[in-house]
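Take a look at the structure set out below.
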Amino acid sequence: MANGSTAHEVLAVVFQVRQLSTREPQLSVLLWQRAKEPQRGAWSLPGGTLRHDEDMISSVRRQLAEKVDLRELAHLEQLAVFSDPRRVPGARTIASTFLGLVPSPATPELPPDTRWHPVNALPPMAFDHGTMVEHARTRLVAKMSYTNIGFALAPREFALSTLRDIYGAALGYQVDATNLQRVLGRRGVITPTGTTARSGRSGGRPAALYRFTESAYRVTDEFAALRPPG
């Protein structure tokens with residue numbers, strides 16, 4: 001950059017739908033707690049300074065692996081640039097944010113200072129990182145409508161009830177499993193595996209299992225929009 005005093009950092013907003021075994025699955029974001037000033041004790045997005053010898057994708061993957069030991073990303077893409085000259089104290093630092101998704105039920109081991117937090121109940125956030133989480137969540141909600149990005153949040157095989165819970169947690173409202181099956185099936189996003197889940201303790205008919213037809217991101221209907229019921 002022209003201004004030698006300007007630094008560039010990459011920050012990852014990593015989401016996972018957690019607590020699928022409970023009645024209230026939640027979209028959660030990965031945060032680490034700052035141990036030093038400024039804003040010691042506040043929670044931050046994982047990331048750090050971009051090195052001169054690496055591109056941004058390589059940098060964010062390296063820092064996720066080194067700092068929070070996270071390697072189980074199913075999707076990673078650049079989102080936005082935050083360039084307010086006063087966004088952090090000291091030398092001007094431009095931040096590029098990335099959206100990362102971890103599938104359920106992956107349980108990556110995390111360092112003691114790193115935790116998953118529900119996006120609807122964020123702890124005190126450092127700098128502008130809360131705004132970054134909100135922006136990433138808004139982009140995820142939009143992408144759930146017109147792409148197949150749900151593959152990066154779901155297990156390899158799933159019952160429709162599980163997929164309903166994942167979409168509901170990501171979108172922030174309840175989703176009807178039958179309507180979801182119809183929409184995603186019509187677009188060729190999901191397909192039946194021909195197998196069924198194990199019967200639960202309550203017995204009953206075993207649920208049919210489905211899978212995403214692809215494990216790579218693609219636009220399925222650029223004008224589509226999933227909307228809340230009502």
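Residues take their numbers from the sequence shown, with the count starting at 1. Since the structure is predicted, the reported quantities are computational estimates derived from the model, not experimental observations.
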Measure the spacing between [atom1] of [X] and [atom2] of [Y] and express it to the nearest 0.5 Å.
{"X": "Leu50", "Y": "Glu9", "atom1": "CG", "atom2": "CD", "result": "10.0 Å"}
{"X": "Leu180", "Y": "Met144", "atom1": "CG", "atom2": "CE", "result": "8.0 Å"}
{"X": "Ser44", "Y": "Lys67", "atom1": "OG", "atom2": "NZ", "result": "10.0 Å"}
{"X": "His129", "Y": "Gln39", "atom1": "NE2", "atom2": "CD", "result": "8.5 Å"}
{"X": "Leu79", "Y": "Thr97", "atom1": "CG", "atom2": "OG1", "result": "4.5 Å"}

Using the ring centroid of each side chain, check whether Phe212 and Phe158 are separated by less than 6.0 Å. yes
Contact summary for [X] and [Y], nearest pair of heavy atoms:
{"X": "Gly47", "Y": "Trp32", "value": "N-NE1, 4.5 Å"}
{"X": "Asn148", "Y": "Thr220", "value": "N-CG2, 3.8 Å"}
{"X": "Asp221", "Y": "Tyr146", "value": "O-CB, 2.9 Å"}
{"X": "Arg87", "Y": "Thr93", "value": "NH1-O, 3.0 Å"}
{"X": "Phe127", "Y": "Pro38", "value": "CZ-CG, 3.8 Å"}
{"X": "Glu54", "Y": "Arg62", "value": "OE2-NH2, 2.8 Å"}

Contact check, side chains of Leu163 and Leu184, non-hydrogen atoms, under 4.5 Å: yes
Would you say Val14 and Leu45 make side-chain contact, with heavy atoms under 4.5 Å? no
Under 3.5 Å, is there a donor-acceptor pair between the side chain of [X] and the main chain of [Y]?
{"X": "Asp128", "Y": "Thr131", "result": "no"}
{"X": "Thr213", "Y": "Gly188", "result": "yes"}
{"X": "Gln33", "Y": "Gly41", "result": "yes"}

Is Arg71 atom CZ crowded by more than 12 heavy atoms from other residues, nucleotides or ligands, each under 6.0 Å away? yes
CD/Gln78: more than 12 non-hydrogen atoms of other groups inside 6.0 Å: yes
Side-chain heavy atoms nearer than 4.5 Å, only ILVMFWY residues, links allowed to pass through others: does that put Val88 and Leu11 together? no
Distance only, no hydrogens: is a donor on one side chain within 3.5 Å (strictly under) of an acceptor on the other, for [X] and [Y]?
{"X": "Asp165", "Y": "Thr162", "result": "no"}
{"X": "Glu134", "Y": "Thr138", "result": "no"}
{"X": "His8", "Y": "Ser96", "result": "yes"}

Any ring pair (Phe, Tyr, Trp, His ring centres under 6.0 Å) involving residues 170-191? Give me the pairs, sequence neighbours left out, ordered by first then second residue. none
List the atom pairs, with distances to 0.1 Å, where a side-chain N or O of residues 98-120 and a protein N or O form a donor-acceptor pair under 3.5 Å, not counting sequence neighbours.
{"residue": "Ser104", "atom": "OG", "partner": "Val17", "partner atom": "O", "Å": "2.5"}
{"residue": "Asn120", "atom": "OD1", "partner": "Arg137", "partner atom": "NH1", "Å": "3.3"}

